4 protein chains.
Amino acid sequence: MESRKLRAGMIGGGIGSFIGPVHRMALELDAEAELVGGAFSRDADKSRASAAGLHLDPQRAYHDYRSMAQQEARLPEGERLDFVVVVTPNASHFEIARTFLEHGFHVVCDKPVALSLEEAKTLQETAAKKKCLFMITHAYTGYPMVKQARQMIRSGELGEVLKVVVEYFQGWVPFRLHGKGKGSKAWKFDPDISGPSLTVADIGTHAENLAHYVTELEIQELCAQSTSFLAGSGLEDDADVLIRYRGGARGVLSVSQMLSGEHNGLTIRVYGTRKSLFWNQEQPDTLLVRDINRFDTILHKGGPELSEQADAAKRLPSGHPDGLISAFANLYRAFFPAIWRRLHGQEAIPGDYPGIDDGVRGMAFVETVLESAASQHKWIQPRV
Amino acid sequence: MESRKLRAGMIGGGIGSFIGPVHRMALELDAEAELVGGAFSRDADKSRASAAGLHLDPQRAYHDYRSMAQQEARLPEGERLDFVVVVTPNASHFEIARTFLEHGFHVVCDKPVALSLEEAKTLQETAAKKKCLFMITHAYTGYPMVKQARQMIRSGELGEVLKVVVEYFQGWVPFRLHGKGKGSKAWKFDPDISGPSLTVADIGTHAENLAHYVTELEIQELCAQSTSFLAGSGLEDDADVLIRYRGGARGVLSVSQMLSGEHNGLTIRVYGTRKSLFWNQEQPDTLLVRDINRFDTILHKGGPELSEQADAAKRLPSGHPDGLISAFANLYRAFFPAIWRRLHGQEAIPGDYPGIDDGVRGMAFVETVLESAASQHKWIQPRV
Amino acid sequence: MESRKLRAGMIGGGIGSFIGPVHRMALELDAEAELVGGAFSRDADKSRASAAGLHLDPQRAYHDYRSMAQQEARLPEGERLDFVVVVTPNASHFEIARTFLEHGFHVVCDKPVALSLEEAKTLQETAAKKKCLFMITHAYTGYPMVKQARQMIRSGELGEVLKVVVEYFQGWVPFRLHGKGKGSKAWKFDPDISGPSLTVADIGTHAENLAHYVTELEIQELCAQSTSFLAGSGLEDDADVLIRYRGGARGVLSVSQMLSGEHNGLTIRVYGTRKSLFWNQEQPDTLLVRDINRFDTILHKGGPELSEQADAAKRLPSGHPDGLISAFANLYRAFFPAIWRRLHGQEAIPGDYPGIDDGVRGMAFVETVLESAASQHKWIQPRV
Amino acid sequence: MESRKLRAGMIGGGIGSFIGPVHRMALELDAEAELVGGAFSRDADKSRASAAGLHLDPQRAYHDYRSMAQQEARLPEGERLDFVVVVTPNASHFEIARTFLEHGFHVVCDKPVALSLEEAKTLQETAAKKKCLFMITHAYTGYPMVKQARQMIRSGELGEVLKVVVEYFQGWVPFRLHGKGKGSKAWKFDPDISGPSLTVADIGTHAENLAHYVTELEIQELCAQSTSFLAGSGLEDDADVLIRYRGGARGVLSVSQMLSGEHNGLTIRVYGTRKSLFWNQEQPDTLLVRDINRFDTILHKGGPELSEQADAAKRLPSGHPDGLISAFANLYRAFFPAIWRRLHGQEAIPGDYPGIDDGVRGMAFVETVLESAASQHKWIQPRV
């Protein structure tokens with residue numbers, strides 16, 4: 001047990017933000033860290049108002065992430081931030097994350113970490129050079145039953161994995177454009193802020209990461225189609241990817257944000273020679289296991305039959321829904337001991353949280369999908 | 001109301017057959033036709049035993065479909081079969097169906113109707129030449145809620161259809177090989193009996209037909225991967241197809257028979273600009289309608305809000321499961337009036353049952369998928 | 001294998017009937033019996049029209065069940081009906097069934113078999129006296145997974161059964177009165193036709209029968225409330241029953257026909273010391289088994305892990321929905337060998353179909369519930 | 001916006017507690033309050049260790065709630081606790097809550113608030129006398145879709161409510177006794193700690209509260225059975241209650257903790273003359289609305305069609321599971337403004353959180369159920 005809470009700073013995530021509060025709730029959930037300051041907005045008044053709303057020291061309400069990095073770096077060890085959380089729109093992730101790394105801060109960053117594979121690799125190198133830790137919040141891997149799936153596959157319980165079907169289906173594009181949506185998220189349609197990819201970058205990276213986390217399979221080559229149905233600006237809002245994994249397994253990964261009536265439909269199915277798994281993010285506390293002999297088993301979060309990893313990831317017993325904030329908090333809970341090792345001058349050891357390597361692999365996936373879709377759909381190998 | 005039941009004959013479907021009894025139950029369900037004879041097996045004793053088990057006239061237990069065609073054709077109008085049902089393994093469909101067509105019989109045939117597009121076209125031409133009707137039993141289109149889906153799309157309720165996701169997932173290959181399956185269906189692994197395609201021909205044609213029936217979209221081009229995981233003999237047991245429909249919609253069609261734990265998982269999702277549909281063959285009496293504004297509606301077979309077509313396809317009220325036999329029977333119920341028009345010397349008019357055109361389109365689909373998968377996955381247009 | 005189909009006659013079930021066609025389809029489904037005549041309506045024209053619609057011999061279209069009984073009884077053995085099916089409104093069941101029993105016919109009768117326990121006992125005695133078989137169509141016990149549930153309990157797999165929760169919830173009363181229902185079923189609100197109980201007699205008997213069939217528990221005493229919310233005429237459309245079973249298990253049985261939005265919601269949950277079961281008639285092909293250790297198993301009709309009895313009750317493999325008609329047909333399939341034993345002069349042996357004993361127990365249940373509800377809800381023992 | 005976070009103290013909830021951390025997470029979730037001290041255990045070392053684990057000031061780690069109340073009461077306004085949270089076993093709720101009320105602290109207390117109706121009324125009077133606020137954590141009413149249900153009923157959308165079916169089914173008793181449970185919760189079987197009722201007090205009060213919150217119906221009289229199947233000590237682990245509500249609606253409330261395989265199965269169904277509702281705590285983000293005309297609507301948390309109250313209760317958009325901690329936090333979020341009004345010297349106004357009146361009504365329910373079950377199951381009116 002450590003002697004104090006870790007001190008976190010946030011960039012972005014001010015009043016009106018969806019993801020900023022989620023990070024704050026998640027990082028504070030286990031009483032192991034607390035948010036103490038941030039550059040919540042580039043508008044100084046808004047940043048101050050955000051800090052005040054959180055009852056933070058007004059001295060630590062910045063409106064410029066560079067000043068924040070510089071000033072925090074100058075603070076003595078007992079006051080200085082232990083890590084920062086980057087929750088700005090995509091286009092600024094890279095510069096902000098790099099700046100804080102350069103100033104020696106551990107970084108938590110939303111996905112996609114950057115707009116290109118090259119940028120992601122730069123972050124990877126910078127983190128290594130500065131001996132800074134880097135977590136990317138692929139939060140869906142924090143759910144207990146995702147960890148259960150991973151362990152069951154790792155243990156061989158499924159037999160050999162033959163096929164992976166992963167989907168991430170959302171409907172916010174038509175909802176915002178033609179339904180009762182409130183017209184926000186407009187920046188996502190702007191390539192200058194969102195980057196060269198809308199949907200593959202935004203949620204395709206989550207889908208790829210989930211499949212990788214659960215199966216530990218590596219993509220050998222892929223063949224994709226993508227379409228811009230409603231999003232305009234040439235940004236794709238729909239893509240389907242055929243995948244050949246190393247070792248012979250096959251995959252289908254479909255992502256879309258223009259599917260009316262879908263909410264946040266991230267699902268994964270993994271088929272092995274003996275058993276298969278099905279998990280659905282919208283009902284995260286159960287895992288369906290299907291048997292070659294035609295009966296199914298439903299495993300419940302908190303049940304006594306689960307792996308150690310799944311059990312440790314719950315906060316509430318079975319039948320008491322842990323939500324996404326808890327899953328998010330599980331990432332932080334795995335990240336904090338790694339920070340403490342650094343603070344104690346110890347060597348880093350791998351933790352069960354998504355890191356910059358996941359960010360690099362994700363950006364390679366994005367670029368490969370876009371290239372395949374643009375080039376008459378040939379099979380292409382990701383260049384990680 | 002017609003004055004008598006129609007007289008049906010069957011080829012194949014003897015003792016131990018799964019699909020033969022289904023056809024018999026379906027064609028007799030509404031008391032509009034009855035099975036009166038057949039060549040249930042090439043073994044004369046077995047054919048006679050099958051006929052006896054059904055309490056049929058032993059005179060009409062054939063063991064050779066050619067003799068059956070000849071002898072039945074010679075019978076006077078008041079005794080002669082009105083149509084035949086071909087439920088033999090795939091490789092013999094073509095020869096048997098053609099023989100009966102040539103003798104002037106209307107034909108019902110299981111899918112795939114033939115082993116090649118060319119054969120399918122020959123049947124199409126023969127039927128036209130002999131003015132014979134031809135039904136292919138894509139029975140899943142007989143379900144009430146499939147008809148409801150078709151009508152909702154046709155009426156424009158979904159807005160413009162943008163995306164179609166259809167899956168047909170079975171697990172009988174590993175079940176038969178490594179589970180507690182009884183080792184039957186072995187002929188399906190033999191290309192001499194099954195033809196050049198296992199899974200795409202066997203269930204891919206159902207999936208393609210369902211998507212076509214529901215959306216009325218035409219495939220412009222497709223790009224496929226296929227794999228032989230467990231089936232051996234080089235026959236594919238798994239395939240994924242990316243589809244571009246005429247008019248701009250996109251599709252993903254996945255079929256597999258090697259997915260442990262799957263039973264008969266035929267599902268379709270159709271996404272429009274305003275609403276989306278989801279239907280699952282294993283729970284056929286409901287249709288999920290998802291709205292751009294993030295609420296769902298569940299329509300139930302037998303409910304008062306359904307289309308006339310869906311309502312007419314039920315036998316039992318809502319909450320009372322109609323099963324697959326009823327869906328099967330709906331095909332026959334649509335086919336019989338067409339036969340009666342012929343018997344009364346009237347012109348044929350289109351009926352709501354799958355015909356030889358569906359069989360031709362299905363075989364074109366099979367050949368195009370195999371060609372795309374074999375040829376470095378280029379986009380290919382079906383040659384119908 | 002018997003040498004011919006059994007000959008069935010029907011009383012009621014003419015044009016426009018819901019349940020008549022279900023019986024006809026069910027009894028003919030396995031090609032072991034056929035409907036050859038009936039008194040389909042008390043209106044001679046309607047009865048003839050019904051017979052013609054079924055392509056039956058017009059000579060056997062009666063409009064008076066007494067004449068039918070007399071005339072059929074006079075026919076030689078090779079022509080005479082082997083059994084009759086009574087599908088008229090409740091109030092006439094007793095007289096019709098008794099008449100045919102007195103003339104020596106085996107009888108199939110819809111539930112409730114009579115309007116009072118006394119009448120039911122009279123039928124029981126008459127059947128015994130005349131050595132006639134009597135089946136009452138509690139068809140829900142014909143489903144494969146209901147048989148599986150029964151076998152699992154019988155084998156002790158659940159441990160000791162402690163609690164039974166059975167519900168039968170319908171919504172047709174408000175649907176007919178205030179929704180888009182077509183106003184039929186009006187006779188059900190008329191005590192002269194329906195009898196002294198609406199809902200408890202109509203569906204409470206099904207619920208009681210299902211619980212008894214599955215658990216084989218006997219009711220020791222019960223305590224009930226009942227209400228007439230919408231039905232008028234003082235007939236109850238809603239009732240809840242607390243049950244003490246012999247041996248210490250407890251039960252709750254709730255039935256209602258005035259629950260808006262319900263279709264045919266018959267469900268049963270059986271809780272044992274080790275495992276529990278849940279079955280839902282609207283999704284009949286699965287059985288949920290819940291374990292003391294907090295995982296669930298879903299058994300599927302047709303799966304290899306099922307009991308012999310459940311396996312024998314399927315017509316289609318797993319994933320291919322067998323509907324209610326198949327369940328209905330399973331009753332007939334169990335009843336026919338009993339008839340054949342009689343025709344062959346053999347002793348009756350118990351068969352897996354609901355008989356007149358179930359009818360007597362059902363009527364005792366109805367009377368006990370009504371008495372308890374009317375008498376300040378004291379605990380009362382059924383008088384079987 | 002208030003100028004600071006509220007200061008909370010906790011009694012009970014130390015290391016190893018399930019519910020203590022839930023309260024801490026919930027009260028801190030929105031950054032409007034923080035836990036600053038507590039008597040986490042009667043063992044001084046354990047209490048200190050609990051405080052240290054939460055990085056609290058060791059000066060505020062008490063081991064005696066009386067000293068805590070006295071010492072905190074003496075602190076100046078700027079330091080003193082604003083409210084306390086009582087999460088000890090049932091038997092001590094009353095004394096602890098009363099002590100803090102007497103010292104002028106607002107109190108949050110787990111249910112049941114006391115072991116008898118009389119004690120609950122004493123708390124009610126004490127709170128009134130001391131002008132202290134009292135919240136009882138019936139947390140399930142904090143879910144967004146529960147609030148949606150309440151608003152739909154209040155608005156008349158269901159028509160007149162006719163029937164309410166509420167169940168709370170758990171399986172921890174057999175799990176702890178005979179399964180892989182860890183043997184904790186043993187105190188719940190001890191009447192000296194748990195009080196005269198096990199299951200009705202523990203979860204029956206939640207079920208009653210949920211039904212009351214959603215429907216706003218008042219129980220006129222009830223008739224109950226209860227049983228001690230496995231719990232021993234004569235404490236009931238299973239009970240069923242027939243209910244007559246004022247105004248004519250009927251209800252069935254069933255609770256049990258001995259149902260193998262159940263987790264935390266709190267469900268409610270409310271049937272109106274036009275529509276019906278179904279909500280299940282284990283899948284809390286959806287509400288099923290069933291229509292008299294036989295279609296269903298699924299409303300999703302975060303959807304644009306929801307009531308203002310339901311919308312305000314979400315933290316994450318649709319498709320992103322909010323869990324029980326968020327629901328818990330919603331109670332606190334409604335409670336805090338009431339505290340602030342008191343701190344600002346304003347009059348109390350009703351807030352959307354369960355208060356001591358709910359506690360009194362809950363204890364009246366418990367006593368009436370036990371009395372009815374013990375006295376030959378007569379209908380009894382609750383004495384509130």
Side-chain angles (χ1 to χ4, degrees), chain A residues 1-5 18-19 21-22 24-25 28-35 49 52-56 139-140 143 169-172 175 179-182 261-266 281-286 300-305 315-329, chain D residues 1-6 18-19 21-22 24-25 28-35 49 52-56 139 143 169-172 175 179-182 261-266 281-286 300-305 315-329:
Chain A
M1 201 181 64
E2 305 298 341
S3 60
R4 62 168 177 92
K5 293 185 183 179
F18 150 50
I19 202 66
V22 173
R24 185 194 56 72
M25 292 186 275
E28 293 189 345
L29 198 67
D30 295 312
E32 296 177 8
E34 63 187 326
L35 181 65
L54 295 165
H55 307 297
L56 304 184
Y140 301 116
Y143 278 115
F169 284 175
Q170 296 184 331
W172 65 263
F175 177 64
K180 298 184 181 172
K182 293 178 194 107
E262 295 282 359
H263 303 265
N264 197 36
L266 173 62
Q281 189 275 147
E282 295 191 355
Q283 296 185 359
D285 284 354
T286 51
H300 294 262
K301 182 209 71 169
E305 313 286 347
R315 270 167 197 75
L316 303 174
S318 68
H320 299 72
D322 269 321
L324 180 54
I325 295 169
S326 293
F328 238 99
Chain D
M1 201 180 66
E2 305 297 342
S3 59
R4 62 168 178 92
K5 293 184 182 179
L6 291 168
F18 149 50
I19 202 66
V22 173
R24 184 195 56 74
M25 292 187 273
E28 293 188 345
L29 198 67
D30 295 311
E32 297 176 7
E34 64 186 325
L35 181 65
L54 295 165
H55 307 295
L56 304 183
Y143 279 116
F169 285 174
Q170 297 184 329
W172 66 263
F175 178 64
K180 298 183 181 173
K182 292 175 195 113
E262 296 281 359
H263 303 264
N264 197 35
L266 173 61
Q281 190 277 144
E282 295 190 355
Q283 296 186 0
D285 284 354
T286 51
H300 294 261
K301 182 209 71 169
E305 314 286 346
R315 272 169 195 73
L316 303 174
S318 68
H320 298 73
D322 268 320
L324 180 54
I325 295 169
S326 293
F328 237 98

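The shown structure was predicted, so the numbers you read here are calculated from the model rather than taken from an experiment. Each chain gets a letter, A, B and so on, in the order its sequence line appears, and its residues count up from 1.
For the options E34(A), E305(A), E32(A), heavy-atom pairs under 4.5 Å to chain D are most numerous at E305(A). Here L29(A) is the residue among D322(A), L29(A), L54(A) with the most heavy-atom pairs under 4.5 Å with chain D. Options R315(D), R24(D), E28(D) differ in how many heavy-atom pairs under 4.5 Å they form with chain A, and the most are formed by R24(D).
Of all heavy-atom pairs spanning L6(D) and R4(D), the tightest one is CA-NH1, 3.7 Å. Between L324(A) and A139(A), the shortest heavy-atom contact is CD1-CB, 4.4 Å.
Atom CD of residue E282(D) and atom NE2 of residue H263(D) lie 6.0 Å apart, to the nearest 0.5 angstrom. One distance of note links NE2 of H55(A) with CG of L35(A); it measures 12.5 Å at 0.5 Å rounding.
A side-chain donor-acceptor contact under 3.5 Å links Q281(A) to the backbone of N264(A).
Only the side chain of S326(A) comes within contact range of chain D, with at least one heavy atom under 4.5 Å from a heavy atom of that chain. In this structure, the portion of S3(A) lying under 4.5 Å from any heavy atom of chain D is its backbone and not its side chain. When heavy atoms are compared at a cutoff of 4.5 Å, A329(A) does not approach chain D at all. Contacts between F328(A) and chain D at a heavy-atom distance below 4.5 Å are absent for every atom of the residue. When heavy atoms are compared at a cutoff of 4.5 Å, E262(A) does not approach chain D at all. With a threshold of 4.5 angstrom between heavy atoms, F169(A) does not approach chain D through any atom at all. Contacts between A327(D) and chain A at a heavy-atom distance below 4.5 Å are absent for every atom of the residue.
Looking at heavy atoms from C-beta onward, L316(A) lies in side-chain contact with K301(A) at the 4.5 angstrom threshold.
Classified by interplanar angle (parallel below 30°, tilted 30° to 60°, perpendicular above 60°), the ring pair F18(D)/H320(A) is perpendicular.
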